[in-house]
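Proteins come first, then strands; the chains are lettered A, B, ... in the order of their sequence lines, and each starts at number 1. Remember, predicted model here, so these are calculated numbers, not experimental data. Only this structure's heavy atoms are used, side chains among them; waters, hydrogens and symmetry mates stay out.
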Amino acid sequence: MQIYNTMTRKKEELVPIVPGQISMYACGPTVYNYFHIGNARPFIVFDTLRRYLEYRGYQVRFVQNFTDIDDKMIRRANEEDTTVKELGERFIKEYYQDADALGVVRATANPRATEHIQEIIDLVSTLVEKEHAYVTPGGDVYFSVRSFDGYGKLSGQNIDDLENGARVDPGEDKRDPLDFALWKAEKPGEPSWDSPWGKGRPGWHIECSAMSMSILGQTFDIHAGGQDLVFPHHENEIAQSEAATGKPFAHYWMHNGYINIDNQKMSKSAGNFFTVRDIAKEFDLEAVRMFMLSVQYRNPVNFSRELIQQAESGLERLRTARGRIKDAPIARGDSDEDEAFLASLNDFKTRFCNAMDDDLNTADALGVLFELARAANTFVSQPRGQAAVDATRALFDELTGVLGLLCHKKEEAFPQKAIDMLGERQKARKTKNFKRADELRDTLKDMGYAVEDTANGPKLKKLS
RNA sequence: GGCGCCAUAGCCAAGCGGUAAGGCAGAGGUCUGCAAAACCUUCAUCCCCGGUUCGAUUCCGGGUGGCGCCUCCA
């Protein structure tokens with residue numbers, strides 16, 4: 001599989017450190033609010049990568065953290081008149097609710113920064129010992145950017161150019177404007193932990209280094225996140241981690257593009273965002289997943305309700321195809337056509353994998369899936385051999401499963417009343433009482449159920 | 001100022017040297033009591049100008065127009 005590596009700015013063959021295994025870390029949410037649709041992109045994209053790698057037989061260790069202590073957490077907790085701990089607990093729960101609905105498989109581990117304070121302190125201590133970090137009189141600890149030769153290698157930034165634009169807040173005892181905080185001395189009313197430098201709390205960047213390395217080891221395969229984390233967050237992570245260990249940190253750096261609103265980046269600070277929770281009021285979140293996967297992950301994509309509706313329509317086509325395959329009429333014995341179709345199934349699978357192997361080209365893979373849907377629709381329009389139908393269904397489920405699509409069981413459990421009405425309509429049709437039949441169909445529609453007359457009799461379908 | 005990305009039909013989006021996948025929407029048709037679904041047909045020479053090449057949407061140069069990072073941010 002080829003993966004675009006931000007570090008080298010080109011696609012590279014994915015070669016795991018340990019054959020057959022992949023270790024990957026993705027920067028997770030700061031749990032101070034519901035996450036928005038832009039935050040959802042990396043969750044969905046890297047979940048899809050994880051699913052695909054597992055599909056291809058890799059044993060994947062996938063770690064995504066929760067940042068549950070930082071400036072935003074503290075500010076929000078004060079606003080809400082609650083504690084940082086309670087705030088974090090609450091929004092971690094909310095995260096899972098939305099992520100589950102988006103079809104995101106639970107990570108192998110979801111470490112929280114506050115549960116890794118010791119590892120953070122150990123890492124900072126090492127950096128101080130190696131003189132890559134220094135302690136200020138006030139009890140802050142800063143990383144010395146100029147002490148690390150490779151600084152800027154990920155983002156392509158030149159250290160001297162950065163110097164010009166760098167900002168120093170008054171009261172900071174930095175030796176160099178580029179230096180960043182590893183440990184922040186306690187301020188009144190803020191959560192704090194004991195450390196060799198007095199009470200305080202970790203800086204943001206060091207959290208991810210400590211959590212990733214303590215779970216995945218000093219060097220691991222893939223580090224992922226949004227494009228806006230390339231600088232400074234990931235650059236800083238590399239500096240800290242490699243300065244401390246003397247080893248390469250991550251082999252591949254993957255960054256997803258933004259979700260835009262009217263071609264402008266969606267962000268919490270800009271205020272032009274939609275939370276996933278809000279979207280869930282109007283749409284099945286599977287449509288959001290579909291929407292995300294309809295674009296290659298590195299490209300920017302605009303968000304709008306219309307686009308989610310388009311995605312929902314496409315999803316419905318896939319859903320219908322699955323239903324038709326599931327209810328396909330079975331012929332006695334196999335035919336040559338069955339054989340031929342069986343053989344063509346492999347081509348679909350190959351093309352699907354080729355697309356995914358090309359830096360997770362889900363848009364292309366989806367195209368293959370739609371072509372499979374059409375071929376299958378045609379194939380099952382007349383009785384076919386059991387083996388061929390089974391294989392078609394298996395492949396269809398397999399490929400939609402890799403993308404995490406069609407996992408919501410929305411056609412289950414119709415109310416008895418609707419089922420009775422459908423039966424009554426069928427009776428009316430038998431006696432050519434089409435007026436009555438159409439009335440019942442209209443009533444069912446008002447109740448939220450569409451009626452489709454298929455070769456196997458009438459079927460109900462829940463309208464979305 | 002430094003670093004970088006993008007420009008393909010009404011909308012979304014693949015392709016990236018040999019004359020454009022797929023989806024949504026639209027039009028016509030088959031099927032259907034009528035629908036729905038499905039299937040068939042139909043709907044683009046790829047922002048502009050140069051260059052390289054037998055041949056460029058695809059490579060190179062120059063424009064034009066969007067956007068991002070350099071400050072918390074997926």
**N/O (side chain, A:Gln264) to phosphate O (OP1/OP2, B:G68) under 4.0 Å** = yes
**Item:** Partners passing ring pair (Phe, Tyr, Trp, His ring centres under 6.0 Å) against A:Tyr258 (at least two apart in sequence or in another chain)
**Value:** none
**Request:** Would you state whether a donor and an acceptor, one from the side chain of A:Glu371 and one from the base of B:G22, lie under 3.5 Å apart?
**Result:** no
**Request:** Give a yes or no on whether a donor-acceptor pair under 3.5 Å exists between the nucleobase atoms of B:C11, that is its base, and the side chain of A:Glu306.
**Result:** no
**Fill in**
Among B:A74, B:C70, B:G23, the one nearest any side-chain atom of A:Leu162 is B:C70
**Complete:** Applying side chain to side chain donor-acceptor pair (under 3.5 Å) to A:Ser381 and not counting sequence neighbours gives none
**Asked** A:Gly257 near the nucleic acid: base, sugar-phosphate alone, or nothing, with a heavy-atom cut-off under 4.0 Å?
**Response** base
**Position toward the 5' end of RNA chain B (nearest nucleotide), A:Ser313 or A:Gly225** = A:Ser313
**Item:** Counterpart base for B:C69, defined by Watson-Crick or G-U wobble contacts under 3.5 Å
**Value:** B:G2
**Request:** Would you check if the distance from the ring center of A:Phe249 to the ring center of A:His223 is below 6.0 Å?
**Result:** yes
Using atom names, set out every protein N or O paired with an N or O of nucleotides 40-42 of chain B below 3.5 Å, distance rounded to 0.1 Å.
none

**Prompt:** For A:Arg90, which residues count as a side-chain contact (heavy atoms from CB on, under 4.5 Å) partner, sequence neighbours excluded?
**Reply:** A:Tyr34, A:Glu80, A:Glu94
**Test of ring centre spacing under 6.0 Å for A:Tyr95 and A:Phe43** = yes
**Asked** Would A:Ile3 and A:Met254 count as a side chain to side chain contact (heavy atoms under 4.5 Å, CB included) if you check the C-alpha gap in whole Å, the side-chain angles of each, and the deciding distance to 0.1 Å?
**Response** CA-CA 8 Å; A:Ile3 277 181; A:Met254 297 178 74; 3.8 Å; yes
**Asked** Between atom CG in A:Asn236 and atom C1' in B:C72, what is the gap in whole Å?
**Response** 13 Å
**Complete:** Atom CG of A:Asp359 and atom C1' of B:C16 are separated, to the nearest Å, by 15 Å
**Request:** Using atom CD1 of A:Ile74 as one end and atom P of B:C72 as the other, report the distance to the nearest whole Å.
**Result:** 15 Å
**Asked** According to the Watson-Crick and G-U wobble definitions, with both distances under 3.5 Å, which nucleotide is paired to B:U32?
**Response** none
**P-based separation of B:G4 from B:G61 [nearest Å]** = 13 Å
Detail all sub-3.5 Å separations between protein N/O atoms and N/O atoms belonging to nucleotides 2-8 of chain B.
residue : atom : partner  : partner atom : Å
B:G2    : O2'  : A:Asp161 : OD2          : 2.7
B:G2    : N2   : A:Gln157 : OE1          : 3.4
B:G2    : N2   : A:Gln157 : NE2          : 3.1
B:C3    : O2'  : A:Ser155 : O            : 3.3

**Prompt:** How would you label the contact of A:Leu369 with the nucleic acid (heavy atoms, under 4.0 Å): base, sugar-phosphate, or nothing?
**Reply:** nothing
**A:Lys265 NZ - B:A74 C1' separation (whole Å)** = 8 Å
**Message:** Need one value for A:Phe291: base, sugar-phosphate or nothing, where a base atom within 4.0 Å counts as base even if backbone is also close, heavy atoms only.
**Reply:** nothing
Contacts under 3.5 Å, N or O only, protein and nucleotides 33-37 of chain B:
residue : atom : partner  : partner atom : Å
B:G33   : N7   : A:Arg429 : NH2          : 3.4
B:G33   : O6   : A:Arg429 : NE           : 3.1
B:G33   : N1   : A:Asp438 : OD1          : 3.0
B:G33   : N2   : A:Asp438 : OD2          : 2.7
B:C34   : O2   : A:Arg441 : NH2          : 2.6
B:C34   : N3   : A:Arg441 : NH1          : 2.9
B:C34   : N3   : A:Arg441 : NH2          : 3.3
B:C34   : N4   : A:Asp453 : OD2          : 3.2
B:A35   : N6   : A:Asp453 : OD2          : 3.4
B:A35   : N1   : A:Asp453 : N            : 3.2
B:A35   : N1   : A:Asp453 : OD2          : 3.2
B:A35   : N3   : A:Arg441 : NH1          : 2.9
B:A36   : N1   : A:Asp453 : O            : 3.2

**A:Met73 CE to B:C73 P, straight-line distance once rounded to whole Å** = 14 Å
**Asked** Which residue, A:Phe370 or A:Asn361, contacts RNA chain B at a nucleotide closer to its 5' end, judged by nearest heavy atom?
**Response** A:Asn361
**Prompt:** Of all the choices, B:G23, B:G66, B:A74, which nucleotide is nearest to the side chain of A:Gln310 once you look at every atom?
**Reply:** B:G23
**Prompt:** CG of A:Asn354 versus P of B:A21: gap in Å, rounded?
**Reply:** 18 Å
**Request:** Would you please name every residue forming a ring pair (Phe, Tyr, Trp, His ring centres under 6.0 Å) with A:Tyr32, sequence neighbours left out?
**Result:** none
Protein-nucleotides 56-58 of chain B N/O pairs under 3.5 Å:
none

**Item:** Spacing of A:Leu293 atom CG relative to B:A14 atom P, expressed in whole Å
**Value:** 12 Å
**Residues which pass side-chain contact (heavy atoms from CB on, under 4.5 Å) with A:Arg146, listed by chain and number, not counting sequence neighbours** = A:Ile159, A:Asp160, A:Glu163, A:Asp176
**Complete:** Residues at least two apart in sequence or cross-chain that pass side-chain contact (heavy atoms from CB on, under 4.5 Å) with A:Pro458, listed by chain then number, are A:Leu422, A:Arg425, A:Gln426, A:Asp453
**Prompt:** How would you label the contact of A:Gln296 with the nucleic acid (heavy atoms, under 4.0 Å): base, sugar-phosphate, or nothing?
**Reply:** sugar-phosphate
**Asked** When the ring planes of A:Tyr52 and A:Tyr55 are compared, do they come out parallel, tilted or perpendicular, using 30° and 60° as the limits?
**Response** tilted
**Asked** So, do A:Phe180 and A:Tyr142 have ring centers that fall under 6.0 Å from each other?
**Response** no
**Message:** List the residues meeting side-chain contact (heavy atoms from CB on, under 4.5 Å) with A:Ala270, not counting sequence neighbours, and say none if there are none.
**Reply:** A:Ser267, A:Asn272
**Request:** With heavy atoms under 4.0 Å as the rule, sort A:Asn377 into base, sugar-phosphate or nothing.
**Result:** sugar-phosphate
**Item:** For A:Tyr96, ring pair (Phe, Tyr, Trp, His ring centres under 6.0 Å) partners two or more places apart
**Value:** A:Phe66
**Request:** Let me know the distance between CD1 of A:Ile308 and P of B:C24, rounded to the nearest Å.
**Result:** 16 Å
